Structures are given as C-alpha cells and as structure tokens.
Amino acid sequence: MSLKRLSSGAALWAVLAFALILRLGACFWWQSRVPPGHRFEFGDSEAYWILATHIAHGEPYEYGSPDARIVRMPGYPLMLATMLSVFGDHMPVLYARLLSALLGTAAVAAIYWLTTILFDRRTGTLAALVAACYPGAIAMSMVVLSEAPFCPLYLAQIAMWIKSWNCGEESASQQANHQEDEAGKTSGRRQLAWAAASGVLGGLATLVRPDWLLFVPFVALAGLPFTRRRGEHLKLALIMSLAVAVVMAPWWWRSFRVVGRFVPTTLQVGASLYDGLNPRATGASDMWFVEGFVAEEHRRPSAPDQPQEYRLDRRLRNVALQWATEHPAQVCRLAVTKFVRMWNVWPNDREHGGVLLRLVTAVTYLPTLVGALVGIAITRRKPWPAAIAWLPAVYLTLLHLVFVSSLRYREPPMLGLLVFTAAAITRGTRPSSAP
C-alpha cells in the first residue's frame, strides 16, 4: 500500500470518527430537550415506533386500526423492530437515535465513495468532511425518521450506478485498444453486477421511503440528452428496475393479499396528494381532513372487493386531482410556494425558527448550495454520469411541488450536492467517463 493511499485512508477514518462524535453528541442533546411524557418531535416517528412494536410482537402490521395495513413502508419499522426484539419494549428512544447517528455516519462514508468515483480521493475526503459538519446532515442523524437509513442507501445506489457506467467505458476503451476479448467480457460482467447491486439498493431505499420508487425511470428518461451511449444507459436502467422489482416483490405480494389489488408503495398516497392539493392547502402538511373522510367512508356501504383503506386512498386521490384540474392557477401558485419552502434560506416554521437557528441555517446552507452549483458547472463538458448525483435534487423537488414541502425534504438530496461543493473547492478532476 502506497504512503499516499495510507494517508488518505487515515484521513477518511478521522473524518468518520469526527462525524460519529458530532452525531452522538447531537443525539444526547436532542434527547435532553424532549419534554417529559413525550417521545418524539414528529408524528411520523410515533407511527414508525408503533409499527415496529407490532412487528417485534408478531402482531398484524397496521397503524391504529385494521383499516390501516398499508399505511407505511416496512423498511424502517423492520430496523426498529430488530432493536426492540433485542432490548425489549422499554427500549429508550435514545437507542433509536444512536442508530440514526450510525446511519448518518454511513452516509458520510457513502459521500466519500461517491466523490472519489466521480473526482478524486482529495475531493472525496473534503466532501466527507463537509458532510460530517453540515447541520442538515447532523439533524437527519439524530431524529427517528426514515431519512436516516434512506440517505446511505440512495447515496450508495448512485455510487454503484456510476461504477457500472464506468465499467462500460472501460470495456469500450479495451475494445478500442484491441485488447483481449476476455478483458472486455470481465468488464461487461462487472458492469451488470454493479447495475444489479445498484438496483437492489434502490429497492431497499424504496422500502424505506416510497417516493423513491420512480427514481430509476426518471433518470432513465432525464439522462438521454446527457449521453451518446443511450442504448447502454437504458440497458443499465432496465437491469436496475428489474432488481428494484425483485426487492419490492414481497411487499407487493403482501399488499395484494391485503386488498386484492396491486399497490406500488402504500395506500397513503391519496392522503398525501390531497394534503398538497386541496382548497386549504398552504404547502405545509395539515391532515385536518382525514377524520372527516374516514367517517364518511364508514357511512358508505361496504364492498368486500374494495377494503375501506383502498377506497379511502382512491377517493382522496380522485378528489385532489379533480380540484387540481379545476384550479390550475392555484396549483401553480402552490408549486411556487412549495419550491420556496423546500429550498428556503431559513426554517419555514416560525415556532422553530429562532434568530440563532435562522442564522446557522443561512450561513451554512447558502455557501454550500452556491458551491454545489459551481461544482456542477465543472462537469458541464462531460455531464454524465455526474448528473446522476444531482438528479435526486431535481426528482425530489418535482415530487414536492405536487405533495407538501418543507426543509426536511431537501436534506437527503443536499447530501448528493455536497459532492459538487467539495469539487468546487478542490477543482477536482473532471469525471473521467466519456459522454
């Protein structure tokens, strides 16, 4: 092992240790702020905890009633259920926060790997250091939310996607240099293996956060203008999509057995859509309407082939789409509001937007975002596969122009943008892959 590589490895481990220490400290600090008698700041956390308890006890996977059996993806509750099985029902919430800290540190490691694939080790170390210190990344590493496992999964998925693409370039280079056919076959097999592994991680990420389901098809279409190797690009996307489907198949089968119909992710999509598109919508989440719709569904005649959970989801979806169709101008205004809420300079919620928090958010977010834009500009001559790392920001933003929006939803894609912030500082080598 060369001295340079040894030094790079030592620097990485130092950064990861620093990242973990920051996140552990944040966990203890956050837990100390929780008022007596309360467990969580976010309602989603309570839902994950209850579902995890049901899994740990071998009880039906449902939230609140038998009419809510496909309300959340099972990935994160399964992780919490494993901990509950080990530590018991009275496991302190702090333990779940410590798990988030470990997952947040894993996300920092994934950023290093992704950056070294796109640029170089020096840029990778800096990107990891920026991620270790970035307040948004630390915040996602101390709460009991699905963002904690989602971030390392999606970052590793992207890194593997780019590895697969680079194997194709390597194979093309070998053919151009008239090297042995066996070397080209080896590169081809490695390319397929990396693509399949990327798809598996994409499936696992979707089992954690359902909004990730369409990311591979989105990139498959969005990437066509960026590369001349379109056939290879689509082939890799197809392999990844098949791998995603294999990982998702058990959940799809379980959902089909519950409601007798194919459900791509959950039956919470209708409620989430209405939350973002209704006469009282503001861009923020406000589930004021749920109880009224549920009560109305209870009064309607039951249909054995359409469980209430399925009917409620479809009704909310249809009402939301009808309102959006009849009020296009208001939908556009809401989209602008949601964009601002997601990429705002400071917190949207005044209750949690004190002067110090606003200042810290602005001082750290603005330079990071500007640096990311500069770093993306560095790749403009050979934009692919670097675009794979910033397309999550585009994809998730487009989703939240329809659904509700907040600063919370920008934190995962911001991690991918940190790659380019570091590249802007080091002027890292351009991505090596040919377009």
Side-chain angles (χ1 to χ4, degrees), residues 4-23 103-141 147 150-163 165-166 226 343 345 360-394 396-397 410-433:
K4 184 177 181 180
R5 178 167 294 188
L6 183 63
S7 175
S8 176
L12 172 62
W13 283 110
V15 170
L16 292 179
F18 179 58
L20 180 59
I21 291 171
L22 286 179
R23 282 152 178 76
L103 292 168
T105 306
V108 174
I111 288 173
Y112 170 82
W113 186 34
L114 173 59
T115 310
T116 56
I117 294 171
L118 278 176
F119 297 102
D120 50 55
R121 291 179 182 274
R122 181 170 66 104
T123 307
T125 302
L126 179 59
L129 181 59
V130 173
C133 302
Y134 187 66
I138 296 174
M140 291 295 100
S141 302
E147 280 84 353
F150 172 72
C151 288
L153 285 171
Y154 103 82
L155 289 166
Q157 175 194 2
I158 290 173
M160 291 182 178
W161 192 331
I162 297 173
K163 288 284 288 185
W165 181 263
N166 289 346
F226 290 100
W343 296 99
V345 176
V360 170
T361 301
V363 168
T364 57
Y365 165 65
L366 274 179
T368 303
L369 182 62
V370 172
L373 295 175
V374 173
I376 291 172
I378 292 175
T379 68
R380 66 187 181 278
R381 294 185 182 275
K382 293 183 178 180
W384 197 262
I388 303 175
W390 55 259
L391 278 172
V394 177
L396 291 173
T397 298
R410 82 165 180 225
E411 298 307 341
M414 274 298 296
L415 295 184
L417 296 180
L418 296 181
V419 171
F420 301 98
T421 303
I425 295 172
T426 64
R427 308 301 294 181
T429 55
R430 298 179 189 276
S432 59
S433 293

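These numbers were taken from a predicted model, which means no experiment stands behind them.
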Partner residues of Leu417 under the side chain to side chain contact (heavy atoms under 4.5 Å, CB included) criterion, sequence neighbours left out: Trp343, Leu369, Ala372, Ile376, Trp390, Ala393, Met414
Test item: side-chain donor near acceptor, Thr426 and Thr123, under 3.5 Å: yes
Audit row: Trp113, Ile158, side-chain contact (heavy atoms from CB on, under 4.5 Å) steps and yes/no: CA-CA 10 Å; Trp113 186 34; Ile158 290 173; over 6 Å; no
Residues which pass side chain to side chain contact (heavy atoms under 4.5 Å, CB included) with Ala131, listed by chain and number, not counting sequence neighbours: Val108, Ile111, Leu418
Heavy-atom side-chain contact between Trp161 and Leu114 under 4.5 Å: no
Aromatic plane relationship, Trp165 with Trp384 - under 30° parallel, 30 to 60° tilted, over 60° perpendicular: perpendicular
Distance-minimising heavy-atom pair for Pro412 and Glu147: CG-CG, 3.8 Å
Sequence-distant partners of Ser141, side-chain hydrogen bond (donor to acceptor under 3.5 Å, both in side chains), two or more places apart: Arg23
Cys133 and Phe18, any side-chain heavy atoms less than 4.5 Å apart: yes
Contact check, side chains of Ile388 and Gln157, non-hydrogen atoms, under 4.5 Å: no
Shortest non-hydrogen separation from Leu118 to Ala389 and the atoms involved: CD1-CB, 4.1 Å
Rounded distance (nearest 0.5 Å) linking atom CZ of Arg122 with atom OG1 of Thr115: 13.0 Å
Shortest non-hydrogen contact from Thr361 toward Val345: CG2-O, 3.2 Å
ring-ring contact (aromatic ring centres under 6.0 Å, His included) involving Phe150 - partner list, sequence neighbours excluded: Tyr154, Trp212
Closest non-hydrogen atom pair, Gly124 against Thr116: CA-CG2, 4.0 Å
Closest heavy-atom pair and its distance - Ile378, Ala423: CD1-O, 3.5 Å
Where Ala132 and Leu22 come nearest, the two heavy atoms and their spacing: O-CD1, 3.4 Å
